[in-house]
Amino acid sequence: MTKEEIYDIFSLFKCEKGMVIGMERYFGENTPKLGFGLMRLPKEENGKIDLEQTKKMVDLFLEAGQTYFDTAYTYDNGESELAAKAALVERYPRDAFTLATKINANKEGCDEQSVKQQFYTSLERTGAGYFDYYLLHAIQSGSYKTYEKHRLWDFVKEQKAKGLIKHWGFSFHAGPELLDELLTKHPDAEFVQLQINYADWENPNVMSRANYEMARKHGKSVIIMEPVKGGMLAEPPQTIRDIFRSAEPDASMASWAVRYAASLDGILTVLSGMSNVEQMEDNLSYMKDFQPLTKEEQETVKRAQEALRSVKSIPCTACHYCTAGCPKRIPIPEIFAARNKQLIWEQIEKGKAAYEKATAQAGAASDCIACGQCERVCPQQIPVIARLAECTEAFGR
């Protein structure tokens, strides 16, 4: 039976787009695997999203044949969804792209009504009319019961029945035991979004491999987030850079990380939170006509993984989930980035300068009152209080 004959059968039974994509992979065709994460969009000096640069990035992305855009109700306090409207929805036909956003029950003080209102607010902000992909956002061991309590699993299925959601799933930051429990209880979830990168593949806190294998055991497609670990793998320690440079002098550090993630089976898309045109152009250079890692390249990554285990950095991805509820307004990701300059690059003075800049108009590490709200929402399971104490000692306040 030819490929065209099978596609005709798909059409006859009105099979969904995801199944057709699956068949395209079966027949060996390259399909777009890069997703544009709208979490770390370029900023102007006043801290607002740079819409003109974002528009240029959107244009480049679509021109390269990529279609998947990812935002969330909480990103940039809603500015990300508004940027999606201005840079994408208002400038392109609705069938030219797929848009994903998320509902978040982790915000303190939210009752069932206010959480569900996020969906309608997201529709208004984006002007998209419907969402191609909709996710229960950042499910963790300390928050998954809230999604049950507010009946959000049923809520998203109701919106799908109304045609306002095409596909639904959830993003996940916990262990395989909980993932198994959720997928057993909610077998109609269509996909899972997981943090997967070569640094976290065997990380006992993130458990990328174990979660990926559990999702595939349940037959779920996977969307990958943090393939470059919040940018950390775009600028890894020198020992890691040397390993990759010796194998392929002209390849960017980010390309190794993104291609590693995209080479796994069952991947719908690999999200990259690109922050400027240069990052977009680099990602498109190797993802427009994606080629999986070769056996030799896989061995190179294994050497990098082994070398990375000796680096004692703070594994923060700058998602900023921790800062929204901080009573002392401590810029935790920026403080950790300053400390990482010292830990990874041995840039002691640059680390101090970055710390002073980050805390000039905000709380210092020493202002932490150990309330623990940051640790409850951290996807990386970082012992934030202890690491802030370390930063207090390193920076003197």
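Other residues, nucleotides and ligands place no more than 12 heavy atoms under 6.0 Å from the CD atom of E393. Other residues, nucleotides and ligands contribute more than 12 heavy atoms inside 6.0 Å of the NZ atom of K116. Residue K157 places its NZ atom among more than 12 non-hydrogen atoms of other residues, nucleotides or ligands, all under 6.0 Å distant.
If you check the side chains of E181 and H186, you find no donor sitting under 3.5 Å from an acceptor. A side-chain donor from one of D111 and S114 sits under 3.5 Å from a side-chain acceptor of the other. Residues Y321 and H173 bring no donor and acceptor atom of their side chains to less than 3.5 Å of each other. In the model, Q195 has a side-chain atom that pairs as donor or acceptor with a side-chain atom of Q380 under 3.5 Å. With no hydrogens or angles considered, a side-chain donor-acceptor pair links T101 and E81 at under 3.5 Å. For N340 and S313, the side-chain atoms include no donor-acceptor pair closer than 3.5 Å. With hydrogens and angles left out, the side-chain atoms of N283 and Q279 include no donor and acceptor closer than 3.5 Å. Remark: the Y212 side chain and the D265 side chain contain no N/O donor-acceptor pair separated by less than 3.5 Å. In summary, the side chains of Q373 and R376 do not present any donor paired with an acceptor at a separation below 3.5 Å, with no hydrogens or angles considered.
In the hydrophobic clustering of ILVMFWY residues, with side-chain heavy atoms under 4.5 Å counting as a link, V206 and I267 come out apart. Put simply, I243 and M253 are part of two different groups of oily side chains (I, L, V, M, F, W, Y) that touch within less than 4.5 Å, one to the next. Hydrophobic clustering (side-chain heavy atoms under 4.5 Å, transitive across Ile, Leu, Val, Met, Phe, Trp, Tyr) groups W153 together with F172. Residues M280 and Y92 share a hydrophobic cluster, clusters being chains of Ile/Leu/Val/Met/Phe/Trp/Tyr side chains in contact below 4.5 Å. Note on F69: it does not cluster hydrophobically with Y73, by side-chain heavy-atom contacts below 4.5 Å among ILVMFWY residues.
With respect to K55 and D50, no salt bridge is recorded, no charged nitrogen being found less than 4.0 Å from a carboxylate O. We find that E390 and K312 are not joined by a salt bridge, their nearest charged nitrogen and carboxylate oxygen being 4.0 Å or further apart. Ion pairing between E213 and R209 holds under the 4.0 Å rule for side-chain N and carboxylate O. Salt bridge annotation for E297-R259: present, with a cationic side-chain nitrogen under 4.0 angstrom from a carboxylate oxygen. A salt bridge is absent between K145 and E148; no separation between the charged side-chain nitrogens and carboxylate oxygens falls under 4.0 Å. With salt bridges taken as basic N to acidic carboxylate O contacts below 4.0 Å, one links R94 and D132.
Note on ring orientation: taking the six-membered ring where Trp is involved, the planes of Y133 and Y68 are tilted (angle from 30° to 60°). Ring-plane geometry between H137 and Y75 is classed as perpendicular, the angle between the planes exceeding 60 degrees on a 0 to 90 degree scale with a lower cut at 30.
I335 approaches G363 most closely through the heavy-atom pair CD1-O, 4.3 Å. For the pair S141 and L178, the tightest heavy-atom approach, listed with the atom from each and the gap, is CA-CD2, 3.8 Å. The two residues A105 and L152 make their nearest non-hydrogen contact at CB-CD1, 3.8 Å. Between N104 and V115, the shortest heavy-atom contact is O-CG1, 4.1 Å. The two residues I314 and M232 come nearest to each other via the heavy atoms O-CE, 3.9 Å. The nearest pair of heavy atoms linking R91 to V58 is NH1-CG1, 4.4 Å.
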> Taking it one step at a time, do S221 and E190 satisfy side-chain contact (heavy atoms from CB on, under 4.5 Å)?
Replying inline: CA-CA 7 Å; S221 297; E190 298 171 73; over 6 Å; no

>> Does F61 form a ring pair (Phe, Tyr, Trp, His ring centres under 6.0 Å) with F97? I'd like the steps, not just the answer.
In response: CA-CA 10 Å; F61 189 75; F97 59 87; over 10 Å; no

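I382 contributes atom CD1, which lies 5.0 Å from atom SG of C316 (distance to the nearest 0.5 angstrom). Separation of atoms NZ (K85) and CD (E124) is listed at 7.5 Å; rounding is to 0.5 Å. With rounding to the nearest 0.5 Å, the separation of NZ in K102 from CZ in F170 is 14.0 Å. Distance check, rounded to the nearest 0.5 Å: CD1 of I240 to CD of E306 gives 10.0 Å. Taking OH of Y260 as the reference point, atom CD1 of I224 lies at 9.0 Å (rounded to 0.5 Å). To the nearest 0.5 Å, the span separating OG on S208 from CD on E202 amounts to 9.0 Å.
When each of T317, D200, N203 is checked for a side chain to side chain donor-acceptor pair (under 3.5 Å) with K229, only D200 meets the rule. If you run salt bridge (Lys or Arg N to Asp or Glu O under 4.0 Å) between D76 and each of K48, K43, R125, only K43 comes through.
The side-chain heavy atoms of N197 and L233, taken from C-beta on, include a pair separated by under 4.5 Å. The shortest distance between side-chain heavy atoms of P379 and C319 falls below 4.5 Å. Between D242 and T239, every side-chain heavy-atom pair lies at or beyond the 4.5 Å cut-off.
Taking the ring axis of Y134 as reference, the NZ or CZ atom of K160 does not stay both within 45° of it and closer than 6.0 Å to the ring centre.
Aromatic ring centroids of Y198 and F244 lie under 6.0 Å apart.
Judged purely by atom type and a 3.5 angstrom limit, D154 has no side-chain atom pairing as donor or acceptor with the backbone of R151. Remark: side-chain polar atoms of T184 are paired, donor with acceptor, to backbone N or O of D180 under 3.5 angstrom. Between the R339 side chain and the A394 main chain, no donor and acceptor come within less than 3.5 Å of each other.
Not counting sequence neighbours, the partners of R397 by the side-chain hydrogen bond (donor to acceptor under 3.5 Å, both in side chains) test are E356, T359.
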